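The shown structure was predicted, so the numbers you read here are calculated from the model rather than taken from an experiment.
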Amino acid sequence: MFEPVPPYQPSHFRIKFATSDWERAGTAALRRRVFCQEQAVFPGDDTDAVDARAIPICALSTLGGEADAVVGTVRIHADTQTPGEWWGSRLAVAADYRRIGALGAGLIHVAVASAHARGCTRFLAHVQGRNVALFEALHWVALDTLDLHGLPHALMQADLTRYPAMADPETGLVTLLRRAGGGGLG
């Protein structure tokens, strides 16, 4: 008579610049969880000098139409040495949400499209080897391979013609996402 109730799984998400204190704190906590605890890439904290100038982007789950929790993140920043060159890094999706393939793709889209709106003429990222296929499917090309933090990475470049400028990333995009099979991004 009483069957177990499955845990709530949101289907609406917002991907946007992390503008509030709780969003920024959530992106930092998620990065620590993924890169320090799960992957052990960094001991204790993954914060670096880039964070002082980077723009954090968050994927937010929603409950009743309101933002509920940070479930994904990436950061972007302009290169201080090369005008027009932007970088993305620290792409992470919470473990319980990695099967939602569109979250990683959405984070990547907002990252590149918002940098494009800010004068980006070349967008690069060091991508963990296990995520190269996702980026290639999203119109990125591998330029080189390297080892970073003891893990294989590819230096990749986005095809900016596939990422029209996003003028309002503070609002971002709201989307209905469905669970899909496949690996995670973390």
If every non-hydrogen atom of [X] is compared with every non-hydrogen atom of [Y], which pair is closest and at what distance?
X	Y	result
A92	F35	CB-CE1, 3.9 Å
A18	T27	CB-CG2, 4.1 Å
A113	P164	CB-O, 3.2 Å
V132	V127	N-CG1, 3.9 Å

No-hydrogen, no-angle side-chain donor-acceptor test under 3.5 Å, Q157 and R122: yes
Report yes if some heavy atom in the side chain of [X] is under 4.5 Å from a heavy atom in the side chain of [Y]; otherwise report no.
X	Y	value
V93	T73	no
F13	V71	yes
E23	L60	yes
P152	T145	no
R53	T80	yes
W87	I76	no

Apply side-chain contact (heavy atoms from CB on, under 4.5 Å) to the pair V74 and I108, showing each step before the final yes or no. CA-CA 8 Å; V74 68; I108 294 164; over 6 Å; no
Is there a side-chain contact (heavy atoms from CB on, under 4.5 Å) between W140 and D159 once you walk through the steps? CA-CA 6 Å; W140 289 61; D159 177 355; over 6 Å; no
So which of V70, D96, D68 actually passes side-chain contact (heavy atoms from CB on, under 4.5 Å) with S61?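 So the option named by the test is D68.
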Show your reasoning for whether salt bridge (charged side-chain N to carboxylate O under 4.0 Å, His left out) applies to D51 and R24. CA-CA 11 Å; D51 285 308; R24 287 188 293 276; over 6 Å; no
Considering only NZ, NE, NH1 and NH2 on the basic side and carboxylate oxygens on the acidic side, decide whether D46 and R33 come within less than 4.0 Å.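 No, no charged N to carboxylate O under 4.0 Å.
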Looking at T121 and G84, would you say the former's side chain and the latter's main chain have a donor-acceptor pair under 3.5 Å?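 It does hold such a pair.
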Is it the case that the side chain of S114 and the backbone of A111 share a donor-acceptor pair, with hydrogens and angles ignored and the cut-off at 3.5 Å?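 A pair under 3.5 Å: yes.
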Run the salt bridge (charged side-chain N to carboxylate O under 4.0 Å, His left out) test on R118 and E85 for me, step by step, so that the C-alpha distance in whole Å, both residues' side-chain angles and the decisive distance to 0.1 Å come before the verdict. CA-CA 11 Å; R118 285 161 174 70; E85 187 170 282; over 6 Å; no
Does the ring center of F123 lie less than 6.0 Å from the ring center of H116? no
Could you go through the salt bridge (charged side-chain N to carboxylate O under 4.0 Å, His left out) check for D48 and R75 one step at a time? CA-CA 12 Å; D48 62 14; R75 67 181 182 181; 2.8 Å; yes
Take I57 and K16, measure what side-chain contact (heavy atoms from CB on, under 4.5 Å) needs, and give me the verdict at the end. CA-CA 6 Å; I57 297 170; K16 61 184 268 317; over 6 Å; no
Hey, mind stepping through E136 and L134 against side-chain contact (heavy atoms from CB on, under 4.5 Å) and telling me if it holds? CA-CA 5 Å; E136 288 173 337; L134 167 66; over 6 Å; no
